[in-house]
**Student:** 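One structure is given below, represented as structure tokens, and several questions about it will come after.
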Amino acid sequence: MPPSSPILKVAVPTPLRRSFDYLVGQSIIPAIGARVRVPFGRQQLVGVVIDHIAESTTPSNKLKPILETIDDQPLLPAHLFKLLLWASDYYLHPVGDVFNTCLPGLLNKGEPAILEPEYYWQLTEEGEQAFSNLGKNAVKQHKILNWALQHQGVISPEHLNQLELIPSELKPLTEKGWLIKKQIELSAKPYTQSNQPLALNPEQHDAVSAMQQSIGQFHGFLLDGVTGSGKTEVYLQLIEQVLIKKQQVLVLVPEIGLTPQTVQRFQRRFNCDIAMLHSGLTDRQRLNIWLKAKQGLTSIVIGTRSALFTPFSDLGLIVVDEEHDVSYKQQDGFRYSARDLAILRARDEQAPIVLGSATPSMESVHNVNQGKLTHLTLRKRAADAKPPHIKVLDIRQRHLENGLSQALLDNMKRHLENGNQCLVFLNRRGFAPSLMCHGCGWIADCQRCDKHMTLHLQQKRLHCHHCDKQVFMPKKCPECGEPELFPIGLGTERLEQALIKAFPNKTVVRIDRDSTRRKQAMQDYVTAIKNNEVDILVGTQMLAKGHHFPNLTMVAVVDIDGCLFSADFRATERTAQLLTQVAGRAGRADKPGEVVIQTHHPEHPLLLNLFTQDYQSLSQQILSERQAGQLPPYTSMALFRAEASTLQYPMEFLNEVSKQLGQVPGLDCFGPFPAPMAKRAGKMRAQLLCQAEQRGLIQRAIKPVISIIEQLPSARKVRWSIDIDPQDPF
DNA sequence: AGCACGCCGACT
DNA sequence: GTCGGCGTGCTC
Ligand SMILES: [Zn+2]
Ligand SMILES: [Zn+2]
């Protein structure tokens, strides 16, 4: 570094895959990792200094001075900073946009990295009295006081967000003495003690003590345990050991796993500052959590994939719960895998990492095979429940009534008559996946996608599950005017109706994204099920995850055939995971559960194998197929995606990309070809698949030509992106 | 991506 | 005559 002012390499939030050089000018010299405000074209942007250099390759007359140094010290801890730079390189994503997606919004806007007090409002007795005497015109005041009454007399910053109010709008009420404004405590609440931990069974005990050995150093563990095997208790007791050492803990959960109940379980156990990063927070709350974690004021941070980028002063443990979950991979923009980056982060920060899953991803099983992860198993299910008995029901030639065979219904009847619960699983919400005209055969298609629209009878609407378009259910055929339109196929709504008809004196509830839209809905259903107020549960994969229902003895899988034949090489893995998870719902202490799978393909190897072996041996088999087929995790992949209003431009662009990459030895390109669902949300999409046996070769091959690709004339006509380690080819 | 500049068609 | 359509060029 030169003694005078260095030239600054700055990561600027732009889709361009490079950094920009600036002069320090009159500003204080910003440290590497500090934010600066810079002129960029005709706009002003906030960037991050990623290096000090002595000389720039850009001519000096083009270099502009920065406008302002925002931070007087690096914004991020060195490890995290380096991880982001590495990720920008690995995922071939513009470094400025990497910072933009990883930092809290207020920091991207240039807000100082300083904790600012937050306030909440407490309802007073006067306020409560005033509420009942409010005039009819006091709509806003009624809304505010009513909210406070509904929420234990408290209005928090995120409540204000939900009420679409700003703090000053509460001022009239505080002046009347109806509300009192109070500051939220910002100081640290260090770990003191935990509430009585549960007793561990020998397996749990072994797992905790094995992992405890690694506190203070990097070690990867795969904690393999079915739901109800007490995985969470193992996490909690390990976390406690880390907290005792005054270190911090990061807990990543899948998108659907971030519920108040999750956090409550932590809060009940640990008397320390626990932060939950959820989507309802205000920008300020998010920044304050970020800063408190960075300063070591918060001991535990729980969140979904983006929580991975929370800075910590002394990170002691990372937990990735349900590590196989697809929501750990970001599906747009900066397409990172939080699970993969978490392992690197743990390594960099010398902390152990626990990947938890009963149905681990092939990547993690492969890492276990290679000795990169230590495999710990919790085989014992809660209260010694036995593994379920699995029956593959051949429904070829059999009569199906709303997708249900008589044999399946009889089986359910047996369980219901004994006072047990049945789960009927179908991974398709809505009433029916399509609607057809009886007169001319017209089918309701989405205008913007290649797909039929799903009929939602309850809402009397057609809904495209791929682009979210919704239209009212037509009264007659738009082609021929025929009024008789009939649903084709089966969804959970229809299944629910059929089951109500088949079991008129049993209680049926449907649990899917539609029926649980209301905030408390899922929790209410879970309580009702656990209280035995429900006999039959109909639902999608929402039911397959997380919850353990002790009175559930039978699981019926209505239609899995669609999952057995798919072009996607990950389909087998996904289906095996799904079936294992659903099957895991059945069974209780005093008798084993039963799983009945309806299929037209009883001879399908996946079905044969899954239930003659367990998931663990099946995953080894899937892995050997992957190896034979030269597929991940034995090779690495990059998927170029491009979209435009016609297919022609994406194909042209990807053809040129393919030409650019064609010469690299060891790199194979397939395509370009139209995406499996070519038309989606009104765009035509194509892709180019690149594959390399050697890890890192993909990056080495693409990086040198990336600026050529960026400058291709055909690139201007499409929206394009690179997806490293793609999860879904859609 | 933004945001400019620039050059052609239908409006007050 | 100008308002605005989006083609293409640039950002240290
Ligand atoms: Zn018709
Ligand atoms: Zn659609």
Side-chain angles (χ1 to χ4, degrees), chain A residues 1-2 4-71 84-85 87-89 91-103 105 107-110 330-336 640-646 648-650 652-654 656-657 681-685 702-703 706-723:
Chain A
M1 207 195 297
S4 61
S5 283
I7 288 173
L8 309 170
K9 255 177 92 145
V10 180
V12 179
T14 152
L16 301 167
R17 264 161 254 257
R18 57 164 185 260
S19 60
F20 292 84
D21 296 345
Y22 285 88
L23 302 169
V24 175
Q26 302 304 303
S27 310
I28 303 157
I29 297 177
I32 295 174
R35 286 172 303 154
V36 288
R37 204 178 298 277
V38 294
F40 190 74
R42 267 143 287 241
Q43 38 186 338
Q44 287 185 15
L45 298 172
V46 173
V48 177
V49 177
I50 54 170
D51 206 359
H52 287 175
I53 50 175
E55 269 176 77
S56 174
T57 47
T58 25
S60 56
N61 61 355
K62 292 192 97 180
L63 294 180
K64 291 182 192 172
I66 60 169
L67 300 166
E68 183 198 356
T69 296
I70 299 174
D71 302 304
L84 295 191
L85 294 181
S88 160
D89 234 47
Y91 289 106
L92 299 168
H93 194 75
V95 65
D97 197 52
V98 169
F99 281 103
N100 213 8
T101 30
C102 299
L103 294 177
L107 294 183
N108 289 320
K109 287 185 191 139
Q330 174 121 357
Q331 292 292 7
D332 57 275
F334 174 30
R335 296 172 177 259
Y336 65 96
F640 281 82
R641 305 160 185 276
E643 61 175 46
S645 46
T646 64
Q648 180 202 348
Y649 292 133
E652 274 172 18
F653 166 69
L654 293 175
E656 294 192 55
V657 173
K683 296 280 182 208
M684 301 301 290
R685 302 156 335 126
I702 299 176
K703 243 195 140 182
I706 200 117
S707 64
I708 301 173
I709 292 171
E710 275 184 326
Q711 283 159 42
L712 284 171
S714 53
R716 298 195 59 94
K717 297 196 168 81
V718 299
R719 264 179 63 109
W720 67 278
S721 63
I722 306 174
D723 190 352

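Within every chain, numbering begins at 1; the chains are lettered A, B, ... in the order of the sequence lines, protein sequences first and strands thereafter. The structure presented is a predicted model; accordingly, all values stated were derived computationally and were not measured. No hydrogens, no waters, no symmetry mates; every other heavy atom, side chains included, goes into these values.
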**Student:** Taking only residues two or more places apart in sequence, or in another chain, which ones meet F653(A) in a ring pair (Phe, Tyr, Trp, His ring centres under 6.0 Å)?
**Tutor:** W720(A)
**Student:** Suppose we screen for side-chain hydrogen bond (donor to acceptor under 3.5 Å, both in side chains). Which residues come up paired with S645(A), at least two apart in sequence or across chains?
**Tutor:**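 Not a single residue meets the side-chain hydrogen bond (donor to acceptor under 3.5 Å, both in side chains) criterion with S645(A).
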**Student:** Excluding sequence neighbours, so at least two apart, what forms side-chain hydrogen bond (donor to acceptor under 3.5 Å, both in side chains) with K64(A)?
**Tutor:** none
**Student:** Please name all residues satisfying side-chain hydrogen bond (donor to acceptor under 3.5 Å, both in side chains) with R685(A), sequence neighbours left out, ordered by chain then number.
**Tutor:** none
**Student:** Identify the 5'-most and 3'-most nucleotides of DNA chain B with at least one atom closer than 4.0 Å to a non-hydrogen atom of chain A.
**Tutor:** dA1(B) to dA4(B)
**Student:** Do nucleotides 6-12 of chain C as a string where each nucleotide becomes B, S or -: B if the base has a protein heavy atom under 4.0 Å, S if just the sugar-phosphate does, - if no protein is that close.
**Tutor:** --BBBBB
**Student:** Please enumerate all residues that pass ring pair (Phe, Tyr, Trp, His ring centres under 6.0 Å) together with Y649(A), with sequence neighbours excluded.
**Tutor:**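 In terms of ring pair (Phe, Tyr, Trp, His ring centres under 6.0 Å), with neighbours along the sequence ignored, Y649(A) is linked to no residue.
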**Student:** Scan for side chain to side chain donor-acceptor pair (under 3.5 Å) pairs involving residues 23-38 of chain A, sequence neighbours excluded, and state none if there are none.
**Tutor:** R35(A)-D71(A), R37(A)-E68(A)
**Student:** The criterion is side-chain hydrogen bond (donor to acceptor under 3.5 Å, both in side chains); which residues satisfy it with D89(A), sequence neighbours excluded?
**Tutor:**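 For D89(A), the residues satisfying side-chain hydrogen bond (donor to acceptor under 3.5 Å, both in side chains) (neighbours in sequence not counted) are K703(A).
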